[in-house]
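Side-chain atoms are counted along with the backbone in the values below, which use heavy atoms only and exclude waters and symmetry mates. Convention: sequence-line order gives letters A, B, ...; per-chain numbering from 1.
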Amino acid sequence: MKNSNTKSAALSALSQCSATNPNLTSLFTKYVDKTSVSSWNSVIADLARNGDSLEALRAFSSMRKLSLVPNRSTFPCAIKSCSALFDLHSGRQAHQQAFVFGLQSDLFVSSALIDMYSKCGYLVDARTLFDEIPQRNVVSWTIMFTGYVQNGLSHDALILFKDFLKEESETEGEKEAGIDSVALVSVLSACSRVSGKGITEGLHGFIVKRGFQGDTRVGNTLMDAYAKCGEVGASRKVFDEMDEKDVISWNSMIAVYAQVGKSAEAMELFFALVRDKNVHYNSVTLSAVLLACAHSGALQVGKCLHNQAMKMGLQETVYIGTSVVDMYCKCGRIEAAKRAFNQMKEKNVKSWSAMVAGYGANGLAKEALDVFCCMNSSGVKPNYITFVSVLAACSHAGMLDEGKYWFSAMENRFGIEPGVEHYGCMIDLLGRAGRLGEAYNLIKKMKVKPDFVIWGSLLAACRMHRNVELGEISARKLFELDPKNCGYYVLLSNIYADAGRWDDVERMRLLMKNRGLMKPPGFSLVEIKGRVHVFLVGDMEHPEHERIHAYMEKLYVELEEAGYMPNMTSVLHDVNEEEKGMSIRVHSEKLAVAFGLMNSVPGAAIQVIKNLRICGDCHTMIKLISKIRKREIVVRDSKRFHHFKDGCCSCKDYW
DNA sequence: TTAGGGTTAG
């Protein structure tokens, strides 16, 4: 009796201690009854539960050294620790031992093994074991669903789910079968990865029929699944109809909005969450809202969130740190990004890539390459995305030799096969350097199918260097790949116009008219006092549009006195000079800059975000404004940043 | 007395 009390006291001490101090070795040797298997089981389970998998495996190994016989409760915990560590070697050893002790076909043991194999990427072994289980329950099915999903085979997970339903209907009334909420979450996460609207809707119906629609976690995953197949409205409906929303419900919905670029909705929902006294937001929430700030250039809100993260002691963590860095980069505040980056205690490949991309997009290619070199010497391996950032940095600065060097090193030294994004950067670099033939040859040699970005870069380069022949080839491809995008028709038309081929210009105009194509409307965003204002080209909707247009008239007089001449080369040639002048005067970035000038104190910097690329005339004009009004103006277009100061731009007129 | 799931950054 006394002995058992001591033991339970020891175990309770161990269990309390493990929450704060995972290193239990000393306590272990001191208290635990080393001859009792159940003591060891408790210790291993406790360690595994607290995430100290390495210590759990050590305990398992110590136990074996004492020649104690592990039982059906020992193995699942030990194997779970192998899964958590992705330690296939120890996992296989545990498997062998379980086999020796005749426990391989125990449902709990085999389930843990299936999970271990699939987490280590050995899905075939996992499936073999799964097929050998005489009587599967919903947990073993769920492990197998999740195994497929986590190994990128979500479609197979859905096929398996059909098998499950079949078996469930055959064994109706028996306890083992029967779907539960965990299994549904797993299947829904497969749906979200195959992006099938029909499947998601079907499963939604099933969820309602089986009475799981009130389950918060099922609802959370359903929202995500709808969003991933493009049904953001359906996600919101699920969110609104949820009886109980937890922080993950809010985070999921905010993240959905942030990821699809609905920044205003993401922020609105975040403010609603802040008002909701029942749920406290966390680092995941901040990460998602920071993404919304990055997209919409909401620097003021972004700064507040950064402050909040610091108050919560999160700014040094990888997720938040990277989100903050990305936000500052995308808001054009590279110095602030650098400070946040330097403060991060731990940096992973995404943090480094964000910084490389940030420098590149802000025209600081040398700094981008320096950071990239630091990354290499710090031992973090670059990945596919890192090289997109590196090559994009070279392309933004026209650094052809460096671009070529890293493009070849990427494959030869780092073993990363180039994808369309990498080729896109190279075509852009070669094309703009006037090496059109070389660019075309590279396209012909590509291992992946060239997409519209590739041909679009070549077409733009053909316009720049007046190459009709290659321009026609590129445009023909583009009309097939992306027939509704009128930008290509305009570019080709401009190429013809430059060559004086007016019949072809007319042919293009008719083609566009017959196909009913319209130029996508350009819009710009500017943040004033924490509120983001949207301007469309020729905007008459903004409540202050009359004041803005009056202000612009005055501005034009000043600009013309300073030598401004409208430059209309980027306007379609078929409109007359006067119309061209009018439409170019109301480009959204001009309106946004004017609004920024009107609503900020002299000397304050202005920041504008644009959905399309900036046109030559706006570029010239904003340079001049920065000089005559002594303002720093930052414009982020769809490709990069332009920092205007004292009549110059950071892109050095290369974009 | 042991096995399964949902939200975040490049």
Side-chain angles (χ1 to χ4, degrees), chain A residues 38 41-42 44-45 48-49 70-80 83 103 106-116 118-119 133 136-147 149-150 180-190 192 215-225 227 245-256 258-259 281-292 294 314 317-327 329-330 344 347-358 360-361 375 380 382-390 392:
Chain A
S38 67
N41 284 353
S42 305
I44 295 167
R49 238 194 326 270
N71 61 24
R72 59 199 298 262
S73 314
T74 325
F75 278 107
C77 283
I79 295 165
K80 188 183 178 177
S83 316
L103 292 166
D106 177 87
L107 186 58
F108 280 69
V109 176
S110 54
S111 296
L113 284 170
I114 293 166
D115 191 50
M116 185 276 294
S118 69
K119 288 225 163 63
I133 299 180
R136 294 177 278 250
N137 67 4
V138 69
V139 177
S140 36
W141 280 97
T142 308
I143 292 169
M144 204 59 233
F145 297 150
T146 309
V149 175
Q150 288 174 344
D180 68 4
S181 64
V182 183
L184 279 170
V185 166
S186 181
V187 177
L188 276 168
S189 75
S192 76
D215 187 293
T216 303
R217 286 166 294 187
V218 170
N220 292 344
T221 327
L222 188 58
M223 275 162 51
D224 189 55
K245 299 178 182 71
D246 62 8
V247 67
I248 298 181
S249 322
W250 287 90
N251 290 349
S252 302
M253 199 62 232
I254 293 171
V256 164
Q259 283 160 354
Y281 63 86
N282 59 19
S283 63
V284 180
T285 328
L286 289 179
S287 222
V289 193
L290 279 164
L291 180 66
L314 298 167
T317 60
V318 185
Y319 263 103
I320 287 293
T322 307
S323 302
V324 168
V325 167
D326 182 51
M327 182 276 294
C329 286
K330 294 219 170 93
M344 287 171 70
K347 298 178 182 90
N348 64 15
V349 61
K350 291 192 180 187
S351 334
W352 286 99
S353 305
M355 203 62 229
V356 174
M375 169 184 185
V380 176
N383 65 13
Y384 186 96
I385 304 280
T386 318
F387 278 102
V388 175
S389 306
V390 168

With sugar-phosphate meaning primed atoms plus P, OP1 and OP2, does [X] contact a base, only sugar-phosphate, or nothing at under 4.0 Å between heavy atoms?
| X | value |
| --- | --- |
| A255(A) | sugar-phosphate |
| I143(A) | sugar-phosphate |
| K119(A) | sugar-phosphate |
| T285(A) | nothing |
| N348(A) | base |
| D246(A) | base |
| S353(A) | base |
| A183(A) | base |
| L184(A) | nothing |
| S323(A) | sugar-phosphate |
| V349(A) | base |

Nearest-angstrom distance from the residue atom [atom1] of [X] to [atom2] of [N]:
| X | N | atom1 | atom2 | value |
| --- | --- | --- | --- | --- |
| K347(A) | dA9(B) | NZ | C1' | 15 Å |
| M253(A) | dT8(B) | CE | P | 12 Å |
| M355(A) | dA9(B) | CE | C1' | 14 Å |
| L290(A) | dG10(B) | CG | C1' | 14 Å |
| I320(A) | dA9(B) | CD1 | P | 11 Å |
| W352(A) | dG10(B) | CH2 | P | 18 Å |
| M223(A) | dG5(B) | CE | P | 20 Å |
| N71(A) | dA3(B) | CG | C1' | 15 Å |

Might you point out which heavy atoms bring [X] and [Y] nearest each other, and give the distance in Å?
| X | Y | answer |
| --- | --- | --- |
| I44(A) | A78(A) | CG2-N, 4.2 Å |
| K330(A) | A294(A) | CB-O, 3.6 Å |
| S189(A) | T221(A) | N-CG2, 3.9 Å |

Phosphate oxygens OP1/OP2 of [N]: is one of them under 4.0 Å from a side-chain N or O of [X]?
| X | N | value |
| --- | --- | --- |
| S73(A) | dA3(B) | no |
| Q150(A) | dG4(B) | no |
| Q259(A) | dA9(B) | yes |
| K80(A) | dG4(B) | yes |

Quick one: which of [options] gets closest to the side chain of [X]?
| X | options | answer |
| --- | --- | --- |
| S287(A) | dT2(B), dG10(B), dA9(B) | dA9(B) |
| I248(A) | dT7(B), dA3(B), dG10(B) | dT7(B) |
| D224(A) | dA9(B), dT7(B), dG4(B) | dT7(B) |
| V182(A) | dT1(B), dG5(B), dG10(B) | dG5(B) |
| S181(A) | dT1(B), dG5(B), dG4(B) | dG5(B) |
| Y319(A) | dG4(B), dT1(B), dT8(B) | dT8(B) |
| S252(A) | dT1(B), dT7(B), dG10(B) | dT7(B) |
| V318(A) | dA9(B), dT7(B), dT2(B) | dA9(B) |
| V284(A) | dT8(B), dA9(B), dT1(B) | dT8(B) |
| V185(A) | dG10(B), dT2(B), dG5(B) | dG5(B) |

So does [X] reach the base of [N] with its side chain, donor to acceptor, closer than 3.5 Å?
| X | N | result |
| --- | --- | --- |
| T142(A) | dG4(B) | yes |
| S111(A) | dA3(B) | yes |
| D180(A) | dG5(B) | no |

Ignoring hydrogens and angles, tell me if any N or O in the side chain of [X] forms a donor-acceptor pair with the backbone of [Y] under 3.5 Å.
| X | Y | value |
| --- | --- | --- |
| S323(A) | Y319(A) | yes |
| S287(A) | V284(A) | no |
| S83(A) | I79(A) | yes |

Test log, rule side-chain contact (heavy atoms from CB on, under 4.5 Å), inputs V247(A) and N251(A): CA-CA 6 Å; V247(A) 67; N251(A) 290 349; 3.8 Å; yes

Kindly determine whether S283(A) and T317(A) satisfy side-chain contact (heavy atoms from CB on, under 4.5 Å), including the steps that lead there. CA-CA 9 Å; S283(A) 63; T317(A) 60; 5.7 Å; no

